[in-house]
Each structure stands twice: as C-alpha cells, then as structure tokens.
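Notes follow once the structure below has been shown.
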Amino acid sequence: EAGVTQFPSHSVIEKGQTVTLRCDPISGHDNLYWYRRVMGKEIKFLLHFVKESKQDESGMPNNRFLAERTGGTYSTLKVQPAELEDSGVYFCASSQASGPYEQYFGPGTRLTVT
Amino acid sequence: GNSVTQMEGPVTLSEEAFLTINCTYTATGYPSLFWYVQYPGEGLQLLLKATKADDKGSNKGFEATYRKETTSFHLEKGSVQVSDSAVYFCALGSYSGNTPLVFGKGTRLSVIA
C-alpha cells in the first residue's frame with residue numbers, strides 16, 4: 001500500500017512568487033492534515049480536511065495560504081505571494097475515518113523563500 | 001491550551017549508550033501521547049504511543065511510559081545504535097478522535113560508532 005506522498009520534495013522561490021504544494025494521502029483516508037515546521041521549531045498544525053471539507057483551519061497563518069481538497073482525494077496548499085517567513089518544511093498527514101486515528105505522514109516539502 | 005516540551009538537542013551518544021529524551025506535556029482532559037521519528041531524508045514515522053495513564057509504549061527497543069502524575073512521556077532506549085540517529089518528536093493528541101497533533105520542538109540524536 002502506498003504511503004502519503006508529497007510533491008515537490010524541495011522548492012526554492014523568490015519572495016512574492018507563488019508556490020503550490022501537493023499531498024496525496026493514503027487511499028481511502030478521509031482525514032488529511034497539513035503541518036509546518038519552521039527553522040527547527042516545533043511542527044505546527046495548519047489545517048484539517050475531512051473528505052473535501054475544511055474541518056479546522058485555525059492554524060493557517062494568514063490569507064496568503066489557500067488549501068483545497070477537491071473531490072476529497074489529493075490536497076494542494078498554495079502560498080501566494082510567498083514571504084521569507086514562509087520557509088520551512090510542510091508536512092501532510094492522513095488518517096482513516098474510523099479508529100484508531102493514527103496519522104501517517106508524508107516526507108514533507110522543504111520550501112525556501114529567498 | 002495543549003503544549004509539549006521536550007529536551008533541546010542535539011544529543012550525541014556513543015554506540016550502546018543509554019538514551020533518555022525528556023518530554024513533558026500540558027493538556028486538558030486525557031490525551032494520547034506519541035513519539036515520532038524522522039530519519040534523514042524521510043518523513044515522520046510513528047515510533048510508539050500510549051493512550052492512557054501508566055501505559056507503556058514500545059517499539060524497536062525504545063520505550064516510554066505515560067506518567068499522568070508527572071505529566072511526562074520520556075523516551076528511553078537501553079543501547080543505541082548508529083541507525084538510531086534521527087530527530088525525535090514528542091506529540092500529544094487524541095487517539096479516540098481525529099484531532100490535530102501538538103508537537104514538541106524535536107530532539108536531534110546522533111549516535112557515533
């Protein structure tokens with residue numbers, strides 16, 4: 001069974017540009033989470049999808065971040081326009097609809113904004 | 001709100017040394033506790049978990065006991081190997097529901113031969 005995949009693995013963009021990160025969860029997992037780790041700090045929650053609906057987006061830093069999950073399958077996280085402080089590693093995780101609710105993580109996308 | 005505090009790294013040990021990485025938490029209710037590990041170039045993997053007080057999670061020679069009285073979940077291994085070199089994250093969440101995890105800052109472990 002394929003795990004959670006993320007694309008790209010690494011992205012380097014200039015301040016003001018746009019970047020779109022993609023996450024493909026484990027097939028059949030209704031729950032999808034985005035997290036971010038900035039500069040060796042703790043991994044912080046960004047938002048949670050249940051199928052195609054945003055269950056909780058309380059961790060989204062500002063309106064430059066837009067997450068979608070069309071059709072309840074893969075998800076995208078767009079940053080527009082990117083700022084220097086957006087640099088970090090963006091992790092995606094998925095879990096099944098019923099217990100146990102173990103979250104399976106992808107390898108992350110390292111975003112560098114210069 | 002909920003929070004996790006874990007010891008700062010990096011930690012450097014010789015092979016076969018004893019490892020302890022401290023983790024304490026603040027939470028309302030009865031959270032579940034987790035240790036995740038990130039090996040170089042890979043994603044986060046669940047290492048072990050405990051869902052209630054006094055539970056001991058174990059995997060790959062690592063152990064951690066859920067101590068409600070001290071709000072702790074320290075990670076231990078009796079004899080580390082070079083292959084254990086990784087970043088270890090303590091996390092808090094709900095094992096009975098789909099809620100976001102709250103992570104500590106991570107501790108980088110380097111084991112030298």
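Proteins come first, then strands; the chains are lettered A, B, ... in the order of their sequence lines, and each starts at number 1.
Inter-residue side-chain proximity for A/Gln103 and B/Leu101 is flagged as met; some heavy-atom pair is nearer than 4.5 Å. A heavy-atom distance below 4.5 Å is not found between the side chains of B/Thr99 and A/Phe45.
Neither the backbone nor the side chain of A/Tyr104 comes within contact range of chain B; no heavy atoms are under 4.5 Å apart. Interface remark: A/Asp30 contributes no atoms to any contact with chain B (heavy atom separation under 4.5 Å). Contacts between B/Gln38 and chain A at a heavy-atom distance below 4.5 Å involve the side chain alone, from C-beta outward.
Residue-level contacts of residues 11-19 of chain A with chain B do not occur; threshold 4.5 Å between heavy atoms.
B/Tyr39 OH: more than 12 foreign heavy atoms inside a 6.0 Å radius. Shown here is A/Glu83, whose CD atom has more than 12 heavy atoms of other residues, nucleotides or ligands within 6.0 Å.
A single hydrophobic cluster is not seen to contain both A/Phe7 and A/Ile26; linkage of ILVMFWY side chains at heavy-atom distances under 4.5 Å, directly or through other members, places them apart. If you chain together hydrophobic residues whose side chains sit under 4.5 Å apart, A/Val79 and A/Phe49 fall into the same group. When hydrophobic clusters are built by joining Ile, Leu, Val, Met, Phe, Trp and Tyr residues whose side-chain heavy atoms come closer than 4.5 Å, directly or via intermediates, A/Trp34 is grouped together with A/Phe65. Grouping the Ile, Leu, Val, Met, Phe, Trp and Tyr side chains by contacts below 4.5 angstrom, directly or via other members, places A/Leu21 apart from A/Met39. Hydrophobic clustering (ILVMFWY, side-chain heavy atoms < 4.5 Å, transitive): B/Tyr88 and A/Val89 are in distinct clusters.
Rounding to the nearest 0.5 angstrom, the gap separating the OG atom in B/Ser3 from the CD atom in A/Glu42 is 9.5 Å. Of the inter-residue distances, the one linking A/Phe91 atom CZ with B/Tyr36 atom OH reads 12.0 Å to the nearest 0.5 angstrom.
In this view, B/Asp55 and B/Thr51, B/Lys52 satisfy the side chain to side chain donor-acceptor pair (under 3.5 Å) rule, not counting sequence neighbours.
Across B/Ala91, B/Pro100, B/Gly43, the residue that shares the most heavy-atom pairs under 4.5 angstrom with chain A is B/Pro100.
Using a distance-only test at 3.5 Å, with no hydrogens or angles considered, no donor-acceptor pair links the side chain of A/Arg37 to the main chain of B/Gly106.
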